[in-house]
Amino acid sequence: MLEKFKQTQFYRAIFRTGGAPIATHKQRILVTLNNVFLHLHPVRIPKHAVKIKYTWCMGGLSFFVFLVLTVTGILLMFYYRPTIEYAYGDVIDMKEQVPLGLMREIHRWNAHLMVITVWLHMFRVFMTGSYKPPREFNWMVGVVLLILTMLLSFTGYLLPWDQLAIWAITVGSNMAGATPMVGAAGPGSSLLAIGDVNFVHSASDARFVMLGGRFVGEGALLRFYVLHCIALPFVIMIFMIVHFWRIRKDGGISGPT
Amino acid sequence: MENFKEIINFIAAPQIMFTALLAVFFFIFPPTDWLYSINRKLGLHKLWTKGGGIFLLVVTLGFFIFGLTDENFRLIVTKADNVPIVGLLFLVIFLLWLCLFQAENNDKRIAEGKGPMEAEDAKEKVLVWPDLVYIELIALVIVSALTLIWAISLPAPLEGPANPTVSPNPSKAPWYFLGLQEMLVYFDPWIAGVLFPTVIIIGFMAIPFIDNNPKGSGYYTFKERKMAISIFLFLWLLLWLFLIMTGTFLRGPNWNFFGPFEYWDIHKVEVLTNINLSELVYMIWQNKALPDNIFIREMYGFAALGIYFGLLPLILAKTVFRKVYDSLGPFRYSVFIVLLLLAVSLPIKMFLRWGFNIKYIVAIPEFFLNI
Ligand code: HEM
């Protein structure tokens, strides 16, 4: 059946390598070259680089988990409205009303998992000394990816709009209020004043910008929603593209020379 | 049994646990040749053999299984959002072992003039399709299956609807930020929440430019990069993961410390008699009132900071870090040493607190500037 299907014009239109059994060296190379996704990889790589004990697969898994998060996140967006009125109820409905209401679980646990895999990926890259020339820049791109991953996780934490969410974000955002000069409770902010008029106060400081309000409320929910669903995924994708591109350009996975 | 739990509760306190870990740390991960030879003499490198791995597994797993028989331990470890951190703990221990197991192996091979194992493997080339694509596929299937099981068996937490007037006690940030929240015990928010994160980001980006040792790129080794690995593990294991674990598992109501087998009693009081350096110098040692002028009042603190960030780098460059200074040059060395001193200021502040109840070195509440 399958073999027959592989001979159809339809199959061969999709897979450029065609349906013939892939047996020769040349055909195997063509599989990679002819496929836009596999083309991310080189055709031939040194054996140590495919060993799990070398890379632990952590970078690849970070990317895969990110894809799972994108898909489940889009599904969650179908049901979720980012307002104080609806958010909490919508989150409950995701479990109660939606068939196979598992999406929220998959999304949340994969989000935790992504923070973990990215940390461990960084740990591996350090331990193999893979940040050394010529890979310095890709390490820096990696650090940006790490921050973006944690920001994605942090902004998502608020969306269920339960006690856990708003108080965790309150703890986190209070720190922004302590930023030197631009936070109302930060050192030096009282210096930015003319006479009795303070420029930096709780309705104009860094925390206010982050939350869109003096406390974690409607404004913060909308801001975090937009950041979480649009802005940060967009930015992290761009950095990932650069990251993958540079892996190839820097000579593939690091190895002893 | 109860006695054993009491003992664990006692030694889990950060004062004791952190001090103990710090005391053994540089023998287990020796940064210098001298410590390295002691590490060998004590046989600590045997941790990174197969036997050592089994030992680590038995001890951690054993402790964990024993812990699960205790109600308080179970309560905190199986809290849905804490489960990933338990997983992280086991993964980190296993992967640390895996790195150093390969590193020891390679170091031995290099000493015999054979080159690292990776070089041996790299002689052979494999095709991405099918060799790598299949490994990737299997990894994806395994991870998908695991997360699916995880999702089915552990419901995502959802507490009562948000209520800005009732704050839970303790209020915790998400677990990956608990290292920073734990630092709040020792530093003001502008340091723990703003300065340190900034410094961590800059510091990490600076790593490739500070570590100019050309060796050890693309294979596991310890011996060729002792200093770099030791410092990195110090930051990542002791100053980051340890604080996260403490913040998650051992901090209860009012951010009080609770041992792993201790009940989270809201009414537990800890006597706080913290004082500032200026108060210690003027009021306790000299028995005087605090001077009115802020600069005179805080001059000892400023002097301490000046010595720490100004003089100490020079002394270190002439002594312990002589070789580092020679190879990095003045600019890179300055960046390196300031980053390192900032990191080390955390344990210093911890010990000042535990040993002398010092709250601030420099305290200028008039401008929210407390260090
Ligand atoms: C969203 C996060 C990230 C993704 C999806 C990602 C993905 C990847 C992938 C797929 C690889 C190929 C090798 C491997 O799987 O280990 C890789 C390599 C690399 N990554 Fe990342 N990464 C991420 C974050 C980071 C971070 C946080 C760092 C470091 C701070 C980093 C630094 C590097 C470097 C230097 C390499 C080259 C390693 C080598 O040649 O051996 N990446 N990354």
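Chain A is the first sequence line, chain B the second, and so forth, proteins listed ahead of strands; every chain is numbered from 1. Since the model is a prediction, treat every value here as computed from it, not as a measurement.
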- Query: Does the side chain of B:S171 come within less than 4.5 Å of A:T170's, by heavy atoms?
  - Reply: no
- Task: Specify which of B:G115, B:A192, B:G160, B:C99 makes the most heavy-atom pairs with chain A at under 4.5 Å.
- Result: B:G160
- For chain B, find which of A:G255, A:S254, A:P180 contributes the most heavy-atom pairs closer than 4.5 angstrom. A:G255
- Does the side chain of B:L127 reach to within under 4.5 Å of the side chain of A:T32, using non-hydrogen atoms? no
- Interface moiety of A:I166 toward chain B, non-hydrogen atoms closer than 4.5 Å: side chain
- Query: With a 4.5 angstrom heavy-atom cut-off, which part of B:A80 approaches chain A: side chain, backbone, both or neither?
  - Reply: both
- Task: Below 4.5 Å from any heavy atom of chain A, which atoms of B:L96 appear? Answer side chain, backbone, both or neither.
- Result: both
- Message: Whether the side chain of A:K132 engages the backbone of B:K215 through a donor-acceptor N/O pair (distance < 3.5 Å, no angle test) should be reported.
- Response: yes
- Taking all non-hydrogen atoms of both residues, which atom of A:M175 and which atom of B:L184 are closest, and how far apart? CE-CD1, 3.5 Å
- Item | Interchain contact, B:D131 with chain A, by part (heavy-atom threshold 4.5 Å) | neither
- Do you know which of B:L132, B:T198, B:L369, B:V133 has the most heavy-atom pairs with chain A at a distance under 4.5 angstrom? B:L132
- Query: How far apart are the closest heavy atoms of A:F126 and B:I207, and which atoms are they?
  - Reply: CE1-CG2, 4.1 Å
- Message: Under a 4.5 Å cutoff for heavy-atom pairs, which residue among A:V171, A:I52, A:V65 has the most contacts with chain B?
- Response: A:V171
- Item | Among A:V68, A:L38, A:V115, residue most engaged with chain B (heavy-atom pairs, under 4.5 Å) | A:V115
- Message: Counting only non-hydrogen atoms closer than 4.5 Å, does B:V126 touch chain A with its backbone (N, CA, C, O), its side chain (CB onward), both, or neither?
- Response: both
- Query: For B:I152, is it the side chain, the backbone, both or neither that has a heavy atom under 4.5 Å from a heavy atom of chain A?
  - Reply: both
- Message: Can you give me the closest heavy-atom contact between B:P161 and A:Q163, atom names plus distance?
- Response: O-CG, 3.8 Å
- Task: Identify which of B:S167, B:A119, B:P214 forms the greatest number of heavy-atom pairs closer than 4.5 Å to chain A.
- Result: B:S167
- Task: Return yes if some donor-acceptor pair links the side-chain N/O of B:Y220 with the main-chain N/O of A:Y54 below 3.5 Å, else return no.
- Result: yes
- Item | Minimum heavy-atom distance between A:M58 and B:L95, given as atom pair plus value | CE-CD1, 4.4 Å
- Query: When you measure from the side chain of A:W167 to the backbone N and O of B:P170, does any donor-acceptor pair fall under 3.5 Å?
  - Reply: no
- Message: Heavy-atom count check: over 12 atoms from other residues, nucleotides or ligands less than 6.0 Å from B:F242 CZ?
- Response: yes
- Message: Heavy-atom count check: over 12 atoms from other residues, nucleotides or ligands less than 6.0 Å from A:Y86 OH?
- Response: no
- Note on the structure: Okay, B:Q181 and chain A: the region with an atom under 4.5 Å from a heavy atom over there is both
- Proximity breakdown for B:L98 and chain A, heavy-atom pairs closer than 4.5 Å: side chain
- Between A:H107, A:R124, A:R28, the one whose heavy-atom pairs under 4.5 Å with chain B are most numerous: A:R28
- If one checks every heavy atom of B:F209 against chain A at 4.5 Å, the contacting part turns out to be side chain
- Message: Less than 4.5 Å to any heavy atom of chain B: does that hold for the side chain of A:W56, its backbone, both, or neither?
- Response: side chain
- Query: Measuring heavy-atom distances to chain B, does A:V43 have an atom under 4.5 Å in its side chain, in its backbone, in both, or in neither?
  - Reply: both
- Task: Determine, step by step, whether A:M150 and B:F177 satisfy the side chain to side chain contact (heavy atoms under 4.5 Å, CB included) criterion, reporting the C-alpha distance in whole Å, the side-chain angles of both residues, the deciding distance to 0.1 Å, and the verdict.
- Result: CA-CA 9 Å; A:M150 287 167 70; B:F177 286 141; 3.5 Å; yes
- Item | Which atoms of B:E118 approach chain A - backbone, side chain, both or neither, heavy atom under 4.5 Å | both
- Item | Under 4.5 Å from a heavy atom of chain B, the part of A:Y157 involved | side chain
- Atom pair CG/CG of A:L164 and B:D81 - distance to nearest 0.5 Å: 6.0 Å
- Query: By a 4.5 Å heavy-atom criterion (distance strictly below it), what part of B:Y176 contacts chain A: side chain, backbone, both, or neither?
  - Reply: both
- Answer with side chain, backbone, both or neither: which region of B:L154 has an atom nearer than 4.5 Å to a non-hydrogen atom of chain A? both
- Query: Does a sphere of radius 6.0 Å around CZ in B:F232 hold more than 12 heavy atoms from other residues, nucleotides or ligands, not counting ones at 6.0 Å or beyond?
  - Reply: yes
- Query: What option among B:N370, B:T221, B:D121, B:V83 has the most heavy-atom pairs under 4.5 Å with chain A?
  - Reply: B:D121
- Query: Atom OH of A:Y131 and atom CE of B:M205: how far apart are they, to the nearest 0.5 Å?
  - Reply: 16.0 Å
- Backbone N/O of B:A156 and side chain of A:E105: donor-acceptor pair under 3.5 Å: yes
- Message: Quick check for you: among A:G60, A:P160, A:S153, A:G217, which has the greatest number of heavy-atom pairs under 4.5 Å with chain B?
- Response: A:S153
- Task: Mark yes when over 12 heavy atoms from residues, nucleotides or ligands other than B:R109 sit less than 6.0 Å from its CZ; otherwise mark no.
- Result: yes
- Task: Tell me, out of B:D211, B:L195, B:I135, B:I201, who's got the most heavy-atom pairs with chain A below 4.5 Å.
- Result: B:D211
- Query: Does B:L158 reach the side chain of A:R104, with side-chain heavy atoms less than 4.5 Å apart?
  - Reply: yes
- Proximal component of B:D188, with respect to chain A [non-hydrogen, under 4.5 Å]: neither
- Where does the angle between the aromatic ring planes of A:W119 and B:W240 fall among parallel (under 30°), tilted (30 to 60°) and perpendicular (over 60°)? perpendicular
- Heavy-atom closest pair (B:P116 atom, A:P256 atom, distance to 0.1 Å) is CG-CB, 4.1 Å
- Message: Between A:R108 and B:P155 (side chain of the first, backbone of the second, donor and acceptor by atom type, cut-off under 3.5 Å), is there such a pair?
- Response: no
- Message: Below 30° counts as parallel, above 60° as perpendicular, anything between as tilted: where do the rings of A:W109 and B:W150 land?
- Response: parallel
- For A:L146, is it the side chain, the backbone, both or neither that has a heavy atom under 4.5 Å from a heavy atom of chain B? neither
- Message: Please classify the contact of A:V50 with chain B as side chain, backbone, both or neither, using a heavy-atom distance under 4.5 Å.
- Response: both
- Let me know if A:W139 has heavy atoms under 4.5 Å from chain B in its side chain, its backbone, both or neither. side chain
- Please look at B:V128 and chain A and tell me whether the side chain, the backbone, both or neither of the residue comes under 4.5 angstrom of a heavy atom of that chain. both
- Query: Where on A:I147 is there a heavy atom nearer than 4.5 Å to chain B: the side chain, the backbone, both, or neither?
  - Reply: side chain
- Item | B:W129 side chain near A:N35 side chain, heavy-atom distance below 4.5 Å | no
- Quick one: of A:A168, A:G172, A:P42, A:A49, who has the most non-hydrogen atom pairs under 4.5 Å with chain B? A:A168
- Name the member of B:I85, B:N163, B:T147 that forms the most heavy-atom pairs with chain A at distances under 4.5 Å. B:N163
- Task: Please step through side chain to side chain contact (heavy atoms under 4.5 Å, CB included) for the pair A:H41 and B:E136, ending with a clear verdict.
- Result: CA-CA 12 Å; A:H41 297 296; B:E136 285 173 342; 2.9 Å; yes
- Region of B:L241 in contact with chain A, defined by heavy-atom distances below 4.5 Å: side chain
- Item | Part of A:L61 within contact of chain B (heavy atom distance under 4.5 Å) | side chain
- Message: Give me the atom names and distance for the closest heavy-atom approach of A:L120 to B:L88.
- Response: CD2-CD1, 4.4 Å
